[in-house]
Protein chains: 2
Amino acid sequence: MIKKILIVGGVAGGASAAARCRRLNEHADIIMYERGPVVSFSNCCLPYHISGAMEEDKLILMTPDKFKAWFNIDARINSNVIAVNSDEKYIEVENTITGDVTKEYFDALVLSPGSNPITPRFNGLEDMPHYCLKTVPDVSKIMSFITTNSPRHITVVGGGFIGLEAAENLRERGIEVTLIEGSDQIIPFVDKEMSFIGQSELVSHGVEVILNTRVESFAKGKVILQTGGEIETDAVILAIGVIPATGFLKGSRVDLTEKGYIKVDENYQTSAKSIYAAGDAILVSHQITGEKIPLAMAGPANKQGRLIADHINGRQILNKGYIGSGVVKLFNMNIASTGMSEKTLKNSGIDYDVAYAAPPSIVGIMPGMNLVYSKLIFEKQTGRILGAQFASRGASDKRADVVATAIKANMTVEDLADLELCYAPSFGTGKDVVNKIGYVASNLNDGSVEQVRFTELYSLLAYGEQVIDVREEVEYAAGRLKGTRNIPMSSLRSRLDELDMNRTVYVHCRTGERSYNMTRMLKSHGFDAKNVAGSYEFTRIYEETQQNIDPSRENILIGAALGCASDFGE
Amino acid sequence: MIKKILIVGGVAGGASAAARCRRLNEHADIIMYERGPVVSFSNCCLPYHISGAMEEDKLILMTPDKFKAWFNIDARINSNVIAVNSDEKYIEVENTITGDVTKEYFDALVLSPGSNPITPRFNGLEDMPHYCLKTVPDVSKIMSFITTNSPRHITVVGGGFIGLEAAENLRERGIEVTLIEGSDQIIPFVDKEMSFIGQSELVSHGVEVILNTRVESFAKGKVILQTGGEIETDAVILAIGVIPATGFLKGSRVDLTEKGYIKVDENYQTSAKSIYAAGDAILVSHQITGEKIPLAMAGPANKQGRLIADHINGRQILNKGYIGSGVVKLFNMNIASTGMSEKTLKNSGIDYDVAYAAPPSIVGIMPGMNLVYSKLIFEKQTGRILGAQFASRGASDKRADVVATAIKANMTVEDLADLELCYAPSFGTGKDVVNKIGYVASNLNDGSVEQVRFTELYSLLAYGEQVIDVREEVEYAAGRLKGTRNIPMSSLRSRLDELDMNRTVYVHCRTGERSYNMTRMLKSHGFDAKNVAGSYEFTRIYEETQQNIDPSRENILIGAALGCASDFGE
């Protein structure tokens, strides 16, 4: 039996490994090293301290005293592991307060060092109060700045999880916020058109979002952009990204990738004997592509820590690969994703198709109903599910969780349609969102319907194609797309002679359900008909967000939307 | 191609079949018959009209005019199908207004007649205003009674979905409610100990719940019980159960079971050629046992309607069998279930085990955290998941949906532990409830821990067994079980000499997590230790509910619970 287990890192992966090691091995010495002043804090909750949703003392889940009393684990804070000798099996630890360096031998070593925020050396950064948001001390510094200086405006750089949650929580505090993102979208774990739904929510809550823009430098009281623009601001939060905190492994026999990630096998063993690694600092295998990817998330880190403890203690472990699931709350909008996005599929060589739908989150006539903007990505022919994205003021997370389970089980779109999910009027609909997106995908996959995407409407309308809006007249009057013709579903069968049979008929409605019905009908009458996937609702949000990004752009939207359309055949 | 399709029943299964038939076959004549005055109403929403959560006109989803305009479907209300001639392929339809009977021939016939509420011929029923809650006219009558008579008290008979939702919505209106149930539990789709969590919520909102009691008769202003007791009441809602509305099939070649259910094959075809059936009136095959069961739920009915339309139109369909998933909201408590319960497993011959857990719904330190009382049932040895039940003020439905997907995919408890579910602090925890119950079950299944159930505590304590409560002293002081000894986890390792090594040590804590750690520890030190599954939290609710049922019973509970225990090692 293993006698001494050392663990580098005392947050998700490290703390999980430590506790599980103790459960499986009561008699081993277990020492856990954390370079910061606190162990086992909830880094995911840090942003919520800014808005006041959570008190600072609650962020710290465990103390060294508790680790000792409850698990007989020796948790050492302010202990920076600076070197690993994998041949002689010892590590060197620097006490960050005293500077003393000590040596500790191990039988098994678990590396869960996490990552460090990237802080480029911008010119003028020293003139601007700037913060990261990765640790409890980070958030303390931000709070101290806010309470001392009552800032009017703060700039957040980076539109990933941390940047988004920082922006939301600053805004909730009443501070003006500008979010700057270098790429063409925020919320990187979803595709661009889905990210626009979240962006729209941020904008409607007063957050200014600037895409395709990088910071050039800083000056007193302002951010200078590479575009030449300037933003007057009182402080900056840098949430640009992270790099694995693996510098201390240089010179050890633990192999790293070029970018510094630790290479592990299917048992989370590194290239060095008896040394394991977990969390943000490793690369994992993707279940679908087999590709090695980083996955900086708490859930996988916890799981890896537990599995490593199992393997150290002689148990076989299950590692089917990772798919990546995530969710973010932006004010009232919940955006969830699982599996592959189109972005990650681009170079995979997998032949895929995409289904869109926007079914109600709960029964349409119940109070609290919201649409669930849904995107399902599946492999052509086989129908194998590859990924899904959901955005809603209702429950997006549960739909993504169901699809995550389906992907793990290698299910197909037909299997999604077949699922028996819980239904009562307050929780969903008789056919749940997941069933419905499964139906839409099945119809595409078996050739029952052909589609174009709503993003293709721009060029279809520009070329004067025959685009029919089959919503009712009252809906069309309230909001519509320039260049479309309104023939409501309720009269289309008797007005077929108004259509040009020699040209393709593109059909859209509010969410794609009525237009699907009408596309089928038109095909039966000999028309070449295509459904516009995403229909008016997706187009409206996309166009509104584009207008916000570039107000000088030609607007294809007239009016807006007419609330719930459950009276209109959906 | 089929030319004429007749559909009996215009709600879930019938309406779905009709719409899908139209999509697949633009040119067929489709006639849908509904014996009531409205088609396609939301029967699941009916109870919510009572509390005022929903207006009556919204209950009706579709009208015959809309069916005609949108789908070119001839929907005929007040049309009672009274006979089916399967040899000559026609039906006889009675107009319930005029009494006229007409004959209609078909190429394909879909039977979705639903069920009728059971109304036993109680003595004195004529002296008591009494109602069912199955149709729009039913709910109109109830509302008319309430608004005219302003009743002080209403009695609901039957603790299934309808009875529960009726009780909740009457109470929400401020009416006093007594719910009478003949068996030993309400919420029949979960096991008794889980039903107690819902019962506790009803009681705390002022609903009186009486179990193990049947109605004997009625008199003016009162219900007389078989126990001899009486309840003063102003009206009664009878939600005792339903029977298939298949009387009109007697004499046809459509085979029925003894209880009147329609027998169908895997394609939902009845024993008669070209006649299909769906919904509450059929028996379906259980995916796990292969047993034929009724499943009176909207989701399966919708799905069956759609699949029948596919089969009528020459498509192959997928029918892997059913598992049954359901959820009910009782005030703030959400109770969800999927797959088999212990009750349904009793005579199955399957060797199963049960895991309990009560993890937090979201990160424990976030506002809005609630425990998710969780029960997972799995096959011994194989670990195959058989069923799960969740009760929480947080999201129960999403956990049941994930397990429902896992059961459909024949996953094991190890697979549950391996799932990658969406996590952010507002939605769940790094290891989600489903992961955690998967871990608990895995530990049981691989022999890492032995357990007794919390319901066994009663006899263990009565026999003076060694039951150790490892919660912290402050928790024990706030509430505990008589006869238990408190040795907190934080000091147990140094107080092993206080335990009797010659006797089994039964260990419990708040939710079973700390006691699991301590059970492992004690075993390593040579003790025969068993974890008390369900621990204090499940016991507390069980005992409180038992006290409510029978106040004369000896109470094993002293004090109550001490809120969230995230500070105490869970």
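Letters A, B, ... are given to chains in the order of the sequence lines, protein chains preceding strands, and every chain is numbered from 1.
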Using side chain to side chain donor-acceptor pair (under 3.5 Å), reason through A/Tyr439 and A/Glu513 one step at a time and then give a plain yes or no. CA-CA 11 Å; A/Tyr439 284 140; A/Glu513 192 172 330; over 6 Å; no
Interatomic spacing from NZ in B/Lys68 to CE in B/Met62 - rounded to 0.5 Å: 12.5 Å
With a 4.5 angstrom heavy-atom cut-off, which part of A/Arg399 approaches chain B: side chain, backbone, both or neither? neither
Which heavy atom of B/Val403 sits nearest to which heavy atom of B/Ile385, and what is that distance? CG1-CG2, 3.9 Å
Using non-hydrogen atoms only, which part of A/Tyr423 is less than 4.5 Å away from chain B: side chain, backbone, both, or neither? both
Between A/Gly430, A/Ser490, A/Gly299, A/Ala298, who has the most heavy-atom pairs with chain B when the cutoff is under 4.5 Å? A/Ser490
Students often mix this up, so state it plainly: with edges at 30° and 60°, are the rings of B/Phe161 and B/Phe189 parallel, tilted or perpendicular? parallel
Between A/Leu24 and chain B, with a heavy-atom cut-off of 4.5 Å, which part of the residue counts as in contact: side chain, backbone, both or neither? both
For the candidates B/Met411, B/Arg306, B/Met518, which exhibits the highest count of non-hydrogen atom pairs separated by less than 4.5 Å from chain A? B/Arg306
Of B/Ser494, B/Ser448, B/Pro488, B/Ser396, the largest count of non-hydrogen pairs under 4.5 angstrom with chain A goes to B/Ser448
Examine whether an atom of B/Arg23 lies under 4.5 Å from a heavy atom of chain A, and if so say whether it belongs to the side chain, the backbone or both; otherwise answer neither. both
Grab the two heavy atoms, one from B/Gly279 and one from B/Gln304, that are nearest each other, plus how far apart they are. N-OE1, 2.7 Å
Of the listed residues (B/Leu416, B/Asp415, B/Leu318, B/Asp418), which shares the most heavy-atom pairs with chain A below a 4.5 Å separation? B/Asp418
Applying side chain to side chain contact (heavy atoms under 4.5 Å, CB included), can you list everything that pairs with B/Ile73, at least two apart in sequence or on another chain? B/Ala18, B/Arg22, B/Ile30, B/Met32, B/Phe67, B/Phe71
Which atoms form the tightest heavy-atom contact between B/Gly321 and B/Lys408, and what is the distance? O-NZ, 2.7 Å
Grab the two heavy atoms, one from B/Glu420 and one from A/Pro300, that are nearest each other, plus how far apart they are. OE1-CG, 4.5 Å
Measure distances from A/Met297 to the heavy atoms of chain B and classify the residue's part below 4.5 Å as side chain, backbone, both or neither. neither
If you tally heavy-atom pairs under 4.5 Å against chain B, which of A/Asn334, A/Leu492, A/Leu307, A/Asn319 wins? A/Asn334
Proximity breakdown for A/Ile362 and chain B, heavy-atom pairs closer than 4.5 Å: neither
If you count heavy-atom pairs within less than 4.5 Å of chain B, which of A/Arg493, A/Lys320, A/His27 leads? A/Arg493
Looking at every non-hydrogen atom in both residues, tell me the closest pair between A/Ser426 and A/Met366 and how far apart they are. OG-CE, 3.8 Å
Side chain, backbone, both or neither: which part of A/Ser337 has a heavy atom under 4.5 Å from chain B? backbone
Among A/Asn302, A/Asn25, A/Asp397, residue most engaged with chain B (heavy-atom pairs, under 4.5 Å): A/Asp397
Which atoms of A/Asn72 are under 4.5 Å from chain B, going by heavy atoms: the side chain, the backbone, both sets, or neither? both
Quick check for you: among B/Ala69, B/Cys422, B/Ser325, which has the greatest number of heavy-atom pairs under 4.5 Å with chain A? B/Cys422
Check against side-chain contact (heavy atoms from CB on, under 4.5 Å), A/Glu26 and B/Arg520: CA-CA 8 Å; A/Glu26 174 64 14; B/Arg520 290 284 312 172; over 6 Å; no
In terms of heavy-atom proximity below 4.5 Å to chain B, should A/Ala417 be classed as side chain, backbone, both, or neither? backbone
Let me confirm one number: the NZ-CE distance from B/Lys66 to A/Met489, rounded to the nearest 0.5 Å. 10.0 Å
Name the member of B/Ala424, B/Ala404, B/Cys44, B/Ala409 that forms the most heavy-atom pairs with chain A at distances under 4.5 Å. B/Cys44
Residue A/Asn443 versus chain B: region with a heavy atom under 4.5 Å: side chain
Who wins among B/Asp446, B/Ile323, B/Val363 for the most heavy-atom pairs under 4.5 Å with chain A? B/Ile323
How far apart are the closest heavy atoms of B/Pro360 and B/Met369, and which atoms are they? CB-SD, 3.5 Å
